[in-house]
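Basis for what follows: all heavy atoms, side chains included, without hydrogens, waters or symmetry-related copies.
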Amino acid sequence: MGNEALQMSLPLVLLTILTFSAPSATASASDRSYNVGDHVPLFVNKVGPLNNPSETYQYYDLPFCCPDPVIQKKESIGEVLNGDRLANTLYQLNFRQDKNGERLCQKKLKVAEVAKFRDAIVNDFYFQMYYDDLPVWGFIGKVEDESWTISDKGTKYYLFKHVLFDVLYNGNQIIEIRAFSDPNHVVDITEDVDIDVEFTYSVNWNATSTQFQNRMDRYSKASLLPVHLKIHWFSFINSIVIIVLLMGLLTLLIMRRLKNDLRKCSNDEEEDKEVGWKYIHGDVFRYPSNMPLFCAVLGVGTQLLIMVCILFFLAFFGVLYPYNRGALFTSLVFICTLTSIVAGYTAAAFHTQFSVIGWERSVLLTAILYLGPLFVISSILNTVAISYGATAAIPFGTLLAILLIYAFLAIPLLALGGVIGYCLRSEFQAPCATKQFPREIQRLAWYRRTHCQMFIGGLLPFSAIALQLHHLYASMWGYKIYTLPGILFLTFIILIIMTSILTVGLTYIQLSVEDHEWWWRSVLSGGSTAIFMFAYSIYFYARSNMTGFMQLSFFIGYNACICYAFFLMLGAISFRVSLIFVRHIYGAVKSE
């Protein structure tokens with residue numbers, strides 16, 4: 001009981017710490033108040049092809065007008081991991097001061113610079129800036145196909161040389177900003193010749209009644225127009241109805257069959273006691289092979305589950321919201337670090353229930369089971385990003401900071417959790433004694449083997465979350481904004497319930513054919529949903545407009561890491577639920 005109480009209390013302690021240490025979701029209104037004429041800095045961030053969200057470059061990688069010197073804004077770990085590289089600019093947007101046709105700079109573009117701009121326009125490049133922590137986007141140029149005209153000039157490439165900033169304010173606070181590229185102010189860069197370009201900009205200030213605390217609502221509603229929202233809710237409710245019916249049917253079938261088995265076991269006649277799963281009572285609680293790895297899976301899976309719950313917690317309280325630069329990655333780094341104690345405790349506590357020797361190896365495997373592959377894949381992708389010169393490349397200083405956090409904070413917490421799990425160890429509670437020698441398992445039919453159970457155990461839960469998974473991928477690898485954490489959380493709960501019910505059913509079927517090696521199979525059956533998730537990501541990429549080796553490598557690499565995390569998390573949940581079920585049925589037989 002002591003171990004279980006501590007294991008349940010650790011997440012609550014971490015949630016409390018994060019609640020009081022998390023930054024505010026929105027900037028303080030007093031920090032964002034300005035007087036007329038005050039200078040409010042505009043920061044340029046990055047440019048990149050519209051269809052490749054991972055392939056972004058620093059703004060001044062293109063030959064725009066740049067200040068001397070270019071000063072990079074200090075970024076947090078999360079902002080750097082997000083690929084943000086904010087820098088100062090020549091634009092002067094003073095509070096509530098209109099400007100019309102203001103000259104930014106006069107620049108002579110050489111042939112190589114013209115080619116850079118033309119290549120960016122061909123790839124549909126956009127730019128991103130930040131003004132008072134509000135994001136603003138615009139396009140660099142346009143392509144016009146004039147081959148259908150009488151003059152037959154062919155394809156023309158035009159560079160926008162004028163930007164109109166439309167800013168809304170309420171009192172002494174900035175509420176909204178938009179950037180428009182004027183199609184009437186362009187320069188033809190089709191030919192490879194030197195060109196003189198005068199870059200200009202205008203600023204229009206207009207009053208609005210929107211309050212400061214609601215200024216981020218515009219981004220939340222950007223991809224949730226009423227028609228789309230109705231379709232979203234209708235599809236979600238339709239999925240809920242189907243899932244509830246399916247879960248009810250599965251539960252009814254399993255419980256009915258189980259009651260019949262228990263009734264046979266409670267009968268006094270010896271011939272009625274022929275229930276397959278009862279014969280293996282002396283082997284069903286035999287710990288599995290490769291115990292350290294199994295404990296590591298439980299430890300990392302439990303840690304990942306708590307991390308997901310904390311992220312939902314932060315989203316519900318407004319800490320995570322669209323375009324809160326780097327908040328998600330910063331949260332992931334620190335939550336992963338803090339929850340290391342849970343991973344170490346879970347792995348060591350479960351291992352010491354069977355043996356007080358070798359728990360250190362379980363804790364060591366816990367440290368590298370997920371973060372090891374993540375580090376390898378991230379290193380490969382970082383090398384690709386460096387070769388492209390993209391902002392997705394992690395600077396050495398940030399990489400060193402993350403390694404130091406892991407070495408001097410995460411590892412000690414992991415070890416501390418392992419020591420706590422060892423000190424509070426208890427014996428494994430099994431209603432039946434385990435025999436000295438394992439019972440031989442008969443050869444099973446193909447449809448009763450592991451791969452078939454993994455297919456069934458993964459397909460049905462995946463079908464329950466396919467709709468929301470599509471929206472999530474569209475948000476991660478596109479420009480749709482997912483702002484319904486409530487629906488996402490309900491989908492996550494449904495995924496857990498569906499996976500649990502199916503795993504219990506598959507475990508019961510496995511025990512019924514006198515196969516007592518259910519420990520690893522419950523993990524594999526529950527985690528197999530992640531395989532379908534990864535397969536769907538490949539389908540999503542094939543249907544998208546993403547192109548290029550860098551975007552493909554980032555898409556495959558990071559989706560593999562995400563799906564691997566879900567595999568470990570769902571596998572740990574499936575085993576825990578199966579263990580409760582197995583203990584219940586054998587405990588019921590013993591009580592009879």
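A 4.5 Å side-chain heavy-atom check between Asn52 and Asn545 finds every atom pair outside the cut-off. Two residues are said to be in side-chain contact when any heavy atoms from C-beta on lie closer than 4.5 Å; Ile465 and Phe532 fail this criterion. Put simply, the side chain of Phe492 does not reach to within 4.5 Å of the side chain of Ile494, judged on heavy atoms. The shortest side-chain heavy-atom distance between Leu488 and Leu472 falls under the 4.5 Å cut-off. Annotation: side chain of Arg103 is not in contact with side chain of Cys105 (no heavy-atom distance under 4.5 Å). The closest side-chain heavy-atom distance from Leu90 to Cys66 is not below 4.5 Å. At a threshold of 4.5 Å between non-hydrogen side-chain atoms, the residues Leu159 and Val186 do not count as touching. Considering only heavy atoms from C-beta on, Ser544 stays 4.5 Å or farther from Asn51 through its side chain.
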Step by step, work out the side chain to side chain contact (heavy atoms under 4.5 Å, CB included) result for Thr529 and Leu459.
CA-CA 6 Å; Thr529 304; Leu459 178 61; over 6 Å; no

Verdict with supporting geometry, Phe160 and His185, ring pair (Phe, Tyr, Trp, His ring centres under 6.0 Å)
CA-CA 6 Å; Phe160 294 132; His185 292 76; over 10 Å; no

Could you please spell out the steps behind the side chain to side chain contact (heavy atoms under 4.5 Å, CB included) verdict for Tyr34 and Asn172?
CA-CA 5 Å; Tyr34 308 100; Asn172 58 355; 5.5 Å; no

Step by step, would you call Ser378 with Tyr558 a side chain to side chain contact (heavy atoms under 4.5 Å, CB included)?
CA-CA 8 Å; Ser378 299; Tyr558 283 125; 4.1 Å; yes

From CA spacing to verdict: side chain to side chain contact (heavy atoms under 4.5 Å, CB included), Ile177, Asp132:
CA-CA 9 Å; Ile177 181 172; Asp132 196 45; over 6 Å; no

Stepwise ring pair (Phe, Tyr, Trp, His ring centres under 6.0 Å) check, Tyr564 with Tyr370:
CA-CA 8 Å; Tyr564 179 45; Tyr370 181 73; 5.6 Å; yes

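The pair Arg215-Asp133 does not meet the salt-bridge criterion, since no charged nitrogen lies less than 4.0 angstrom from a carboxylate oxygen. Classification of Lys161 and Glu198 as a salt-bridged pair fails, no side-chain N sitting under 4.0 Å from a carboxylate O. We find that Asp192 and Arg118 are joined by a salt bridge, their nearest charged nitrogen and carboxylate oxygen being less than 4.0 Å apart.
When all heavy atoms of Phe212 and Ile174 are compared, the pair lying nearest together is CD1-O, 4.1 Å. Of all heavy-atom pairs spanning Ile175 and Tyr169, the tightest one is CG1-C, 3.9 Å. When all heavy atoms are compared, the tightest approach of Leu374 to Cys561 is CD1-SG, 3.5 Å. Considering every non-hydrogen atom in both Tyr60 and Cys65, the closest pair reads CE2-O, 3.4 Å. Between Val70 and Ala87, the shortest heavy-atom contact is CG1-CB, 3.9 Å. The two residues Asn88 and Pro67 have their closest heavy-atom pair at ND2-CG, 3.5 Å.
Note: Gln128 CD to Thr56 OG1 = 9.0 Å, rounded to the nearest 0.5 Å. Remark: Asn45 CG to Leu86 CG distance equals 4.5 Å, nearest 0.5 Å. For the atom pair Ile140 CD1 and Lys116 NZ, the distance stands at 11.5 Å (nearest 0.5 Å). Atoms CG and CZ, on Leu403 and Phe408 in that order, are 10.5 Å from each other to the nearest 0.5 Å. Taking CD1 of Ile195 as the reference point, atom NZ of Lys110 lies at 14.5 Å (rounded to 0.5 Å). The line from CG of Leu369 to CD of Gln303 is 10.5 Å long, rounded to the nearest 0.5 Å.
Side-chain N or O atoms of Arg85 include one that pairs as donor or acceptor with a backbone N or O of Val80 at under 3.5 Å. Side chain of Ser340 to main chain of Thr337: a donor-acceptor pair is present (N/O by atom type, distance under 3.5 Å, no hydrogens or angles). No side-chain donor-acceptor contact under 3.5 Å links Asp124 to the backbone of Pro49. Checking side-chain atoms of Ser379 against main-chain N and O of Phe375 turns up a donor-acceptor pair under 3.5 Å. Put simply, the side chain of Asn214 never gets that close to the backbone of Thr210: no donor and acceptor are under 3.5 Å apart. Side chain of Ser54 to backbone of Phe554: no donor-acceptor contact under 3.5 angstrom is found. Arg178 places no side-chain N or O within donor-acceptor distance of the main-chain N or O of Val167, the cut-off being under 3.5 Å. Checking side-chain atoms of Gln551 against main-chain N and O of Gly548 turns up no donor-acceptor pair under 3.5 Å. Distance alone, capped at 3.5 Å, places no donor-acceptor pair between the Gln97 side chain and the Asn94 backbone. With hydrogens and angles disregarded, no donor-acceptor distance shorter than 3.5 Å links the side chain of Ser475 to the backbone of His471.
Atom CZ of Phe549 has 12 or fewer neighbouring heavy atoms from other residues, nucleotides or ligands inside a 6.0 Å radius. Other residues, nucleotides and ligands contribute at most 12 non-hydrogen atoms within 6.0 Å of the CD atom of Glu191.
The aromatic rings of Phe64 and Tyr59 sit parallel to each other, their planes meeting at less than 30°, with 60° as the upper class boundary. Ring geometry, Tyr91 versus Tyr201: the interplanar angle exceeds 60°, so the pair is classed perpendicular (tilted spans 30 to 60°). Under the 30°/60° scheme for interplanar angles, the aromatic rings of Tyr536 and Tyr539 are found to be tilted. A tilted orientation is assigned to the rings of Phe555 and Tyr473, their planes being inclined by 30° to 60°.
Taking the centre of each ring, Trp205 and Phe95 come in below the 6.0 Å mark. Taking the six-membered ring for Trp, Tyr388 and Tyr57 have ring centres at least 6.0 Å apart. In this structure, the ring of Phe139 has its center no less than 6.0 angstrom from the ring center of Tyr126.
Residue Ser202 is tested with Lys99, His162, Glu102 for a side chain to side chain donor-acceptor pair (under 3.5 Å); the sole match is His162. Partner of Leu164 under the side chain to side chain contact (heavy atoms under 4.5 Å, CB included) criterion, chosen from Asn204, Asn100, Asp182: Asn204.
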